[in-house]
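Below is one structure, written out as structure tokens, with a few remarks after it.
Each chain gets a letter, A, B and so on, in the order its sequence line appears, and its residues count up from 1. Predicted, not measured: the structure shown is a model, and the values here were computed from it. Keep in mind that the numbers below use all heavy atoms, side chains included, and drop hydrogens, waters and symmetry copies.
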Protein chains: 4
Amino acid sequence: MAENIAEKKKAILESTLKLIQQNGFHGTPMSLVAKEAGVAAGTIYHYFDSKDTLILELFAYTQRQMQLTLQQGLHPEMDFEESFFLRWINRCQFYIDHPEVLFFLEQFVNSPFYPRCTQQSDHYQNEIKEFIELGNQHGILRDMPPKLMAMMIHSSIMTAAKVHITGKAHLSEKEFTQLAQMNWDGIRKL
Amino acid sequence: MAENIAEKKKAILESTLKLIQQNGFHGTPMSLVAKEAGVAAGTIYHYFDSKDTLILELFAYTQRQMQLTLQQGLHPEMDFEESFFLRWINRCQFYIDHPEVLFFLEQFVNSPFYPRCTQQSDHYQNEIKEFIELGNQHGILRDMPPKLMAMMIHSSIMTAAKVHITGKAHLSEKEFTQLAQMNWDGIRKL
Amino acid sequence: MAENIAEKKKAILESTLKLIQQNGFHGTPMSLVAKEAGVAAGTIYHYFDSKDTLILELFAYTQRQMQLTLQQGLHPEMDFEESFFLRWINRCQFYIDHPEVLFFLEQFVNSPFYPRCTQQSDHYQNEIKEFIELGNQHGILRDMPPKLMAMMIHSSIMTAAKVHITGKAHLSEKEFTQLAQMNWDGIRKL
Amino acid sequence: MAENIAEKKKAILESTLKLIQQNGFHGTPMSLVAKEAGVAAGTIYHYFDSKDTLILELFAYTQRQMQLTLQQGLHPEMDFEESFFLRWINRCQFYIDHPEVLFFLEQFVNSPFYPRCTQQSDHYQNEIKEFIELGNQHGILRDMPPKLMAMMIHSSIMTAAKVHITGKAHLSEKEFTQLAQMNWDGIRKL
DNA sequence: GATGAATGAGTGTTCATTCAT
DNA sequence: TATGAATGAACACTCATTCAT
């Protein structure tokens, strides 16, 4: 049963994610989410207080989902540059493998929701920021506010993934590395 | 009179822009646009067929507005690098001076509207792309699809402006140049 | 000028008639009437107090138009039966030649307008009724309230014309006479 | 509960019918239907996709309602003439007992809806037409397209009922029979 | 817990009508 | 006279949310 509950909640979250990708934020009424998730409309309100809550939790859900993938292959002995590339690729790969998440985030970040959840939003990019701070301390990177640098990197990653997904330019593995390289050359001390 | 007409249409466009910045796309009902523009609800429909049309025209309107600013200070004799920096700064400055436009574009681009207007959308970034192609031909830039490179640059500019506007990191003139530099170092042949 | 006025008013009436045939009563906004008639929306209100007035006057207009055709070929010496057939055919022919009028009347008669104008409505069928009364006095017809008989006849005529116009059954001249005959056999004393 | 659903849908249909009789087709907004039916505006849309659908279903509803009454007293051994009179009276009586239906049909038939539903519309008068065809085969009736004859008869019935209802001429039972007789004399072979 | 019928405020849009020019 | 931009009440319809079962 406990599993059942979790499953139902998850089904709702996944349905919402999928529908938002297809129809956008306000092309996704609760009734449609319910149908897609195979539950009654009212059921959603057992798990989420409101549509706002659902979307806010969906953000948290995607963040959690991401954490797992993002650490793949990282280990403490890696040097900074190598770590940067792996992180860049990991994140970009995640967005490519989960386009629903990418589209959701793009909409979420530019909606009135995002500003409301600064705490969580910090998590959203804190990881990058902390990594940057590390590089800064080692004197490897340009002298630039880490937060700023983190945002620049992140937007590059998202853009790269988006270009790939939407098919505006199909990217080979080599090209992804090239893009990471481009980012790397932009931030490292020359 | 002719002026009057233009003024009313402009008032509607500007009101919409402002309200979308504040409340987002679907937090901006036509009734509110009307009130803000100081016209009756029905009046909007003399100038725009529908809300969709209004938003689509608003996109075109912002693009036209931008064109004027973007060329400032450019002249044919400039060398490529200098031109790059000026263009970068001009565009970034425009977004900073017109945050409504920045917020509108971010929403617009991630909405179901954008895909519908590829022709115009081409104009949206074609300028950058063509400039990049020029640099490519002169062998100044990395070997990378110009469209891709254009999108990477543009997303960097928007991110920089957004960081500045939202106050997440206040940027001095020096820092803007630094950011442009960062972008430049990323795309030029090292 | 006087002519001009009459012409403009007529243009409005005719446009309304035509549009109502095509789009029905409430598929015919004043703005469309204006466009079709080649006048400004406001101009209509110089000639008609309101849309209701316009429609009411349109009814009167069609009635006047009809009067002219209806008397064709009639002369006092005709015997009653002959006169009946001629009247029947004349009226049916009018509806066939002026389908706009037929469609307008069908809508008008079943709208909230009709009950409001009993005086004019009397004219609408009075002619038939009076003719029937004549036949009654001569003992040619069944014993039945003339008003009732008039309505039965009129509805037969309209139905015949409608069937012909809508193409549900194409009627030859012979068949029209047959229909008139059928009506005649129904009302005359056998 | 199942009953409840049916009841609510029926309440909406009946309210619409009643309001259309009083105010006509476009004097009957959905909000009024809702109020009259004692439901919320949105509720109507659980049962009907749109106002158009509601009206279309209302047509089907009235047709179903009619079928029941129309067969009363008919049995196979009746001779054709007797059957004709009974059918004529049954139908006329139905319209008199259900004036809302009569008024609705008059509007419906002359609206843009009717042409859209030819299949159902066939049912609408097919019964009469088939009966006529039978008479034709037995050589009892004039030589005339059955469809045409059917329409003539039907319009006579409706007109008779309408005259009675609107009080333009109060009809006694004798007079109804007289009217049926008039119709009969019109169509039978003399 | 789960349902889905019911709600009703809110949305985009239309259109008869007015009035400054 | 004639215009047509402007009005705003009214409309069909949507959808987040509630609640009896």
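- A straight line from CE of B:M30 to C1' of E:dT13 spans 8 Å, rounded to a whole angstrom.
- Mapping D:D52 and B:V39 onto DNA chain F by nearest heavy atom places B:V39 closer to the 5' end of the strand.
- Here F:dA20 sits opposite E:dT3 as a Watson-Crick or G-U wobble pair (both hydrogen-bonding atom distances under 3.5 Å).
- Taking a 6.0 Å sphere around CG of C:D49, one finds it holds 12 or fewer heavy atoms contributed by other residues, nucleotides or ligands.
- Distance OH (A:Y47) to P (E:dT3): 8 Å, rounded to an integer number of Å.
- Using modelled atom types, one finds no donor on one side chain facing an acceptor on the other under 3.5 Å when comparing C:Y47 with C:E57.
- As rounded to whole Å, 9 Å separates atom P of E:dT18 from atom CG of C:D49.
- In this structure, B:L32 places its CG atom 19 Å from P of E:dA9, rounding to the nearest Å.
- The side chain of A:K8 places an N or O atom within less than 4.0 Å of a non-bridging phosphate oxygen (OP1 or OP2) of E:dA2.
- If you check E:dA2, E:dT17, F:dG8 against the side chain of B:A40, the one that comes closest is F:dG8.
- Atom CZ in C:F48 sits about 16 Å away from atom P in E:dT18, given to the nearest Å.
- Pairing for F:dC13 goes to E:dG10, judged as Watson-Crick or G-U wobble with the two contacts each under 3.5 Å.
- The nearest heavy atom of DNA chain E to B:A41 and to C:A41 marks one nucleotide each, and the one closer to the 5' end goes with B:A41.
- Residue side chain A:H46 reaches the base of E:dA2 through a donor-acceptor N/O pair under 3.5 Å, judged by distance alone.
- For B:I44 and F:dA6, the CD1 to P distance is 12 Å, given to the nearest whole Å.
- The aromatic rings of B:F113 and B:F108 lie parallel to each other, with less than 30° between the two planes, well short of the 60° mark.
- If you measure from atom CZ of B:F25 to atom P of E:dG12, you get 12 Å, rounded to the nearest angstrom.
- For B:Y95 and B:F103, the gap between ring centers reaches or exceeds 6.0 Å.
- Applying the 4.0 Å criterion to OP1 and OP2 of F:dC15, one finds that D:Y45 has every side-chain N and O outside that range.
- Contact check, B:K51 against E:dT13: no side-chain N or O comes under 4.0 Å of OP1 or OP2.
- Taking every side-chain heavy atom of C:S50 into account, E:dT17 is the closest of F:dA6, E:dA6, E:dT17.
- Phosphate contact (OP1/OP2 of E:dT3, side-chain N/O of A:T43, threshold under 4.0 Å): present.
- The two residues A:S15 and A:V33 make their nearest non-hydrogen contact at CB-O, 4.0 Å.
- Rounded to a whole Å, the NE2 atom of B:H26 is 13 Å from the C1' atom of F:dT14.
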